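This report concerns only the one structure given below.
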Amino acid sequence: LSELGSESAKIKAMGIMDKLSTDKTVKVLNILEKNIQDGSKLSTLLNHNNDTEDEERLWRDLIMERVTKSADACLTAINIMTSPNMPKAVYIEDVIERVIQYTKFHLQNTLYPQYDPVYRVDPHGGGVLSSKAKRAKCSTHKQRVIVMLYNKVCDIVSSLSELLEIQLLTDTTILQVSSMGITPFFVENVSELQLCAIKLVTAVSAF
């Protein structure tokens, strides 16, 4: 899926995606949807209750692998849809909604907590940690896999703004996209995402 994501970006840039068979492209999109669904609701936060540290790390690696795979599926799907001169059949509502669902969930539950401690939930049941001091103490060190996921999600958000310029979406979907575009401005340490969100909010405004 990682290879498919990068190859689809090249084909999109070359402007030849529309030369592929529509039936095969639609079939690929439906398969991609299943792969997006696989990681769309997986929590990447560690559970410190029963497992040993090694077991936790192994479990997290497995989860992150599935989540990253789903991100690649999202990128491939959105690269297909935002390619020039694509037939109407490729704008499958279920696939678009699944991409948005995946992106919203992992922004809120995976990336925001990693980049801004205000969004972290206290593992001891104290709720969301919300003091400014928490932000001040935040480590800037990030796992490579988190940075990679962050970059992929930035690409997805940016590509969604392209999709809005091409395809008419339902009001419900537009509302979801709007909230996704506005929330990054209340999160710290995500400047690249905020730039992508500006494009998204601008596209929504012009809708």
Side-chain angles (χ1 to χ4, degrees), residues 1-40 65-107 111 145 147-182 184 190-207:
L1 276 163
S2 176
E3 203 170 315
L4 202 57
S6 56
E7 289 301 319
S8 64
K10 289 178 193 172
I11 295 170
K12 173 185 170 179
M14 291 163 71
I16 56 172
M17 192 78 76
D18 60 319
K19 303 288 189 286
L20 301 172
S21 154
T22 302
D23 287 347
K24 284 182 180 175
T25 306
V26 168
K27 198 174 284 186
V28 167
L29 284 166
N30 286 322
I31 293 167
L32 288 170
E33 188 204 345
K34 302 298 180 202
N35 283 279
I36 297 167
Q37 185 178 5
D38 180 56
S40 64
E65 191 177 313
R66 286 171 65 187
V67 168
T68 305
K69 180 191 73 170
S70 293
D72 287 322
C74 285
L75 277 172
T76 306
I78 210 106
N79 283 338
I80 292 170
M81 292 181 191
T82 54
S83 294
N85 309 315
M86 293 304 285
K88 287 286 180 190
V90 305
Y91 303 111
I92 303 166
E93 198 172 305
D94 287 350
V95 178
I96 295 169
E97 284 181 5
R98 194 72 73 187
V99 169
I100 293 167
Q101 180 190 63
Y102 171 90
T103 311
K104 278 192 76 172
F105 182 87
H106 286 292
L107 280 172
L111 296 174
V145 68
V147 175
M148 190 166 62
L149 181 64
Y150 174 76
N151 290 330
K152 288 178 191 291
V153 169
C154 284
D155 288 342
I156 294 167
V157 171
S158 185
S159 297
L160 280 170
S161 61
E162 290 179 49
L163 184 63
L164 283 172
E165 293 167 7
I166 298 167
Q167 177 64 9
L168 198 67
L169 302 180
T170 64
D171 290 347
T172 311
T173 306
I174 287 295
L175 282 171
Q176 287 194 62
V177 170
S178 299
S179 68
M180 188 200 300
I182 292 164
V190 290
S191 53
E192 300 87 356
L193 179 62
Q194 287 168 348
L195 283 172
C196 298
I198 288 171
K199 284 177 65 181
L200 190 60
V201 171
T202 305
V204 170
S205 303
F207 206 72

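Computed from a predicted structure; not experimentally measured.
Among all heavy-atom pairs drawn from Ser161 and Ala203, the shortest one is O-CB, 3.7 Å. Minimum interatomic distance between Leu1 and Thr76 (heavy atoms only, all atoms of both residues): O-OG1, 4.1 Å. Smallest separation of non-hydrogen atoms from Tyr102 and Val67: OH-O, 2.7 Å. Smallest separation of non-hydrogen atoms from Ser70 and Gly39: OG-N, 2.9 Å. Leu149 and Ala71 make their closest contact through CD1-CB, 3.9 Å (heavy atoms, listed as atom of the first residue, atom of the second, distance). The minimum heavy-atom distance linking Lys199 with Ser158 is given by the pair NZ-OG, 2.8 Å.
Other residues, nucleotides and ligands contribute at most 12 non-hydrogen atoms within 6.0 Å of the CD atom of Glu65.
Applying the side chain to side chain donor-acceptor pair (under 3.5 Å) rule to pairs touching residues 14-32 yields nothing, sequence neighbours excluded.
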Chi angles and distances behind the side chain to side chain contact (heavy atoms under 4.5 Å, CB included) call for Leu193, Leu111: CA-CA 10 Å; Leu193 179 62; Leu111 296 174; over 6 Å; no

Walk me through whether Ile36 and Val99 qualify under side chain to side chain contact (heavy atoms under 4.5 Å, CB included). CA-CA 7 Å; Ile36 297 167; Val99 169; 3.8 Å; yes

Do Ser179 and Lys104 pass the side chain to side chain contact (heavy atoms under 4.5 Å, CB included) test, and can you show the C-alpha distance, the side-chain angles, and the key distance before you say yes or no? CA-CA 9 Å; Ser179 68; Lys104 278 192 76 172; 3.0 Å; yes

Applying side chain to side chain contact (heavy atoms under 4.5 Å, CB included) to Leu32 and Val95, what does each step give before you reach the verdict? CA-CA 8 Å; Leu32 288 170; Val95 178; 5.8 Å; no

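Residues Thr103 and Val153 meet the side-chain proximity criterion, which asks for heavy atoms closer than 4.5 Å.
For the atom pair Ile96 CD1 and Thr173 OG1, the distance stands at 7.5 Å (nearest 0.5 Å). Distance check, rounded to the nearest 0.5 Å: CG of Leu200 to CG of Leu195 gives 13.0 Å. Residue Met180 holds its CE atom at 10.5 Å from CD of Gln101, rounded to the nearest 0.5 Å. Once rounded to the nearest 0.5 Å, the distance linking SG of Cys74 with NZ of Lys69 reads 11.5 Å.
With sequence neighbours excluded, no residue forms a side-chain hydrogen bond (donor to acceptor under 3.5 Å, both in side chains) with Ser40.
Partner of Val204 under the side-chain contact (heavy atoms from CB on, under 4.5 Å) criterion, chosen from Leu160, Ile174, Ile182, Leu169: Ile174.
Between the Asp38 side chain and the Lys34 main chain, no donor and acceptor come within less than 3.5 Å of each other. Checking side-chain atoms of Thr202 against main-chain N and O of Ile198 turns up a donor-acceptor pair under 3.5 Å.
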Donor-acceptor contacts under 3.5 Å from residues 77-94 side chains, at least two apart:
residue, atom, partner, partner atom, Å
Asn79, ND2, Gly5, O, 3.4
Asn79, ND2, Ser8, OG, 2.9
Asn79, ND2, Leu75, O, 3.2
Thr82, OG1, Lys12, NZ, 2.9
Thr82, OG1, Ile78, O, 2.6
Ser83, OG, Asn79, O, 2.6
Tyr91, OH, Met81, O, 3.3

